[in-house]
Structure formats: C-alpha cells, structure tokens
Amino acid sequence: MPHITRDSLLTLEGYAKVRPAMRAEVMAHKKNRMVELGDHVTLIFEDEKTMRYQIQEMLRAERTFEEAGIQDELDAYNPLVPDGSNWKATMMIQYSDPDERKLALGKLKGIEDRVWVQVADQPRVFAIADEDLERENEEKTSAVHFLRFELDPTSIAAAKGGSPIRMGIDLAAYTVESMTLADNTRAALVLDLS
C-alpha cells in the first residue's frame with residue numbers, strides 16, 4: 001500500500017483552494033469506515049485518504065511549510081495507513097459528561113487490547129494498540145487509542161471473498177458481543193487488503 005510522500009501533498013495555498021470539497025469528500029468516505037461498538041466506543045478505520053486529509057489539516061492548523069515540520073507530520077501519520085495485511089483504526093471512547101467520562105476511563109483500563117475482529121470462522125484477532133506511545137496510566141486509559149489488526153492470509157482471503165466480518169470488545173467492564181459489519185463497511189475495509 002502506498003504511503004503519503006512530501007511531493008504528493010498540497011501547499012498551504014493549494015490546500016486552501018480545495019479544502020471545502022476535500023473535507024466533504026473525506027467525511028462521506030469516513031461514514032463507510034466507522035464502526036460503533038456499544039454506546040461509547042467508535043472506531044474509524046484509517047486509510048491513505050483519511051491520513052492525507054489529517055496531514056493537510058495539521059499543516060494548515062500549524063501553518064507548517066518548512067520541510068522538517070512536514071516530515072514530522074508524515075512520520076506521525078504514515079504509520080496509520082494500512083499496509084495490505086492489516087486494518088488500522090482510531091478508537092475513541094466518548095462520554096458527553098466529563099465526570100462520567102473520568103469515571104469510565106478509570107474502569108476501562110486495557111480496553112484497547114480487548115477489541116477484536118473476526119473474519120468468517122477464523123480465530124479472533126485482537127488489536128495491537130498504541131504502538132507509537134503509551135496512552136494509559138495507573139489511573140485511567142486514554143479517550144483515544146490507535147489500533148492495528150494484523151490479519152493472516154486465510155482471513156485476508158476470506159474477507160476478500162465476501163465472508164462476514166465481525167467485531168466486538170472482550171472486557172468485563174465493557175463487553176460488546178459479536179456484531180457483523182454492514183455491507184458498506186465490510187466493502188470499504190476489504191479495499192485495505194492486498
């Protein structure tokens with residue numbers, strides 16, 4: 001799978017011209033890549049398009065035009081682009097009430113390691129979480145995690161062959177039983193596999 005290169009990015013001026021259209025396109029694209037697991041956990045499965053948009057937005061927000069700063073953004077976000085044998089997702093734990101969120105994040109320690117996917121009747125694949133840095137401490141987990149689901153060739157072939165894909169969370173404090181992905185989401189995720 002291709003990674004985003006410096007030469008493929010738009011300049012700040014160029015991005016300003018296409019930003020509204022690009023934003024609308026990416027938001028529509030993300031709808032097919034979003035999975036809600038229960039009432040409080042959402043996964044957004046990332047790909048080259050979502051990460052390109054994120055990089056362009058970060059460069060815009062920080063007014064970054066120097067090579068070193070651009071390279072820093074590429075280094076931060078390219079690892080979130082799937083490489084053909086995996087799915088990569090941003091996991092968000094959302095509670096609207098700040099007090100409830102603080103309490104919940106204390107109870108949900110380790111949740112990032114208990115999210116799983118399963119293709120057809122293959123074994124469940126548990127997420128490899130937060131490879132860039134630790135996002136959990138003694139008191140609580142973070143509200144945002146980055147997950148990678150590494151698939152074996154049999155699961156990849158089954159997914160590409162149209163088999164159902166299921167997901168869930170296996171944590172005592174927050175259990176989501178097996179849910180089958182909608183056809184549009186399944187089709188979008190299969191495009192990440194080679």
Side-chain angles (χ1 to χ4, degrees), residues 1-5 8 25-55 74-94 108-136 141-142 144-194:
M1 294 290 186
H3 276 86
I4 303 160
T5 64
S8 71
E25 182 182 329
V26 170
M27 293 305 114
H29 179 73
K30 281 185 175 187
K31 286 183 182 179
N32 291 326
R33 303 181 68 79
M34 192 175 299
V35 175
E36 292 182 3
L37 295 173
D39 295 332
H40 301 287
V41 174
T42 302
L43 298 183
I44 299 174
F45 283 87
E46 307 294 0
D47 66 356
E48 190 273 343
K49 180 178 279 201
T50 64
M51 288 297 95
R52 176 177 299 282
Y53 173 73
Q54 184 65 34
I55 291 169
L74 288 167
D75 292 345
Y77 291 104
N78 260 326
L80 297 175
V81 177
D83 63 17
S85 66
N86 52 42
W87 289 313
K88 296 183 180 181
T90 301
M91 179 175 85
M92 295 175 289
I93 303 171
Q94 301 165 312
L108 296 177
K109 285 180 59 175
I111 191 171
E112 65 275 14
D113 298 316
R114 304 308 304 160
V115 181
W116 54 267
V117 299
Q118 181 180 27
V119 181
D121 58 355
Q122 296 301 306
R124 289 179 176 177
V125 175
F126 284 87
I128 300 164
D130 302 326
E131 295 176 283
D132 58 340
L133 62 97
E134 185 61 40
R135 289 187 165 77
E136 184 173 281
T141 192
S142 173
V144 177
H145 295 276
F146 298 102
L147 310 180
R148 175 171 57 95
F149 299 94
E150 198 63 42
L151 303 173
D152 65 25
T154 304
S155 292
I156 292 170
K160 291 172 75 173
S163 293
I165 300 169
R166 288 180 285 283
M167 295 192 70
I169 300 176
D170 181 14
L171 183 75
Y174 193 95
T175 300
V176 176
E177 296 298 326
S178 179
M179 60 161 283
T180 302
L181 298 186
D183 289 342
N184 62 319
T185 303
R186 196 192 75 68
L189 295 187
V190 167
L191 295 176
D192 295 343
L193 303 174
S194 58

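All values below were derived from every heavy atom in this structure, side-chain atoms included, with hydrogens, water molecules and symmetry-related copies excluded. Position 1 is the first residue of the sequence; numbering continues from there.
- Closest of all the heavy-atom pairs between A129 and E112 is CB-CG, 3.5 Å.
- Residue pairs meeting the side-chain hydrogen bond (donor to acceptor under 3.5 Å, both in side chains) criterion with at least one member in residues 170-182, sequence neighbours excluded, are R114-D170.
- Applying the salt bridge (charged side-chain N to carboxylate O under 4.0 Å, His left out) criterion to E36, with sequence neighbours excluded, gives no partner residue.
- To the nearest 0.5 angstrom, R186 atom CZ is 10.0 Å from L191 atom CG.
- Using a 4.5 Å heavy-atom cutoff, the side chains of I111 and I93 are in contact.
- For K31, the salt bridge (charged side-chain N to carboxylate O under 4.0 Å, His left out) test picks out no residue, with sequence neighbours left out.
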Audit row: F126, D113, side-chain contact (heavy atoms from CB on, under 4.5 Å) steps and yes/no: CA-CA 7 Å; F126 284 87; D113 298 316; over 6 Å; no
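- Rounded to the nearest 0.5 angstrom, N78 CG and T5 OG1 are separated by 8.5 Å.
- In this structure E46 satisfies the side chain to side chain donor-acceptor pair (under 3.5 Å) test together with T50, T90, sequence neighbours excluded.
- For A76, there are no side chain to side chain contact (heavy atoms under 4.5 Å, CB included) partners two or more places apart in sequence or in a different chain.
- A donor-acceptor pair is defined here as one N or O able to donate and one able to accept, closer than 3.5 Å; no such pair exists between the side chain of N184 and the backbone of N32.
- The salt bridge (charged side-chain N to carboxylate O under 4.0 Å, His left out) check on D47 picks up R33, with sequence neighbours excluded.
- Between M167 and L43 the shortest side-chain heavy-atom distance falls below 4.5 Å.
- Summarising the geometry of P79 relative to L74, their closest heavy-atom pair is CD-O, 4.1 Å, with the distance given to 0.1 Å.
- The heavy-atom pair separating I4 from V81 by the smallest distance is CD1-CG2, 4.4 Å.
- Atom CG of D130 and atom CE of M91 lie 7.5 Å apart (nearest 0.5 Å).
- Listed by first then second residue, pairs satisfying side-chain hydrogen bond (donor to acceptor under 3.5 Å, both in side chains) with a partner in residues 152-164 read D152-S155, not counting sequence neighbours.
- Rounded to the nearest 0.5 Å, atoms CD1 (I128) and CG (L147) are 10.0 Å apart.
- For the atom pair M51 CE and H3 NE2, the distance stands at 11.0 Å (nearest 0.5 Å).
- The side chain to side chain donor-acceptor pair (under 3.5 Å) search around Y77 returns none, not counting sequence neighbours.
- The two residues V144 and M92 come nearest to each other via the heavy atoms CG2-CG, 4.4 Å.
- Residues S8 and R52 have side chains in contact (heavy-atom distance under 4.5 Å, counting atoms from C-beta outward).
- Taking CD of Q94 as the reference point, atom OG1 of T42 lies at 4.5 Å (rounded to 0.5 Å).
- Residue W87 comes nearest to V190 through the heavy atom pair NE1-N, 4.5 Å, listed as atom of the first residue, atom of the second, then distance.
- D75 meets the side chain to side chain donor-acceptor pair (under 3.5 Å) test with Q71; sequence neighbours excluded.
- In this view, D183 satisfies the side chain to side chain donor-acceptor pair (under 3.5 Å) rule with no residue, not counting sequence neighbours.
- Under the 30°/60° scheme for interplanar angles, the aromatic rings of F45 and F149 are found to be tilted.
- Annotation: ring pair (Phe, Tyr, Trp, His ring centres under 6.0 Å) contacts of H145 (sequence neighbours excluded): none.
- The two residues L171 and K109 make their nearest non-hydrogen contact at CD1-O, 4.1 Å.
- Residues passing the side chain to side chain contact (heavy atoms under 4.5 Å, CB included) test with T185, sequence neighbours excluded: V35, L181, A182, L189.
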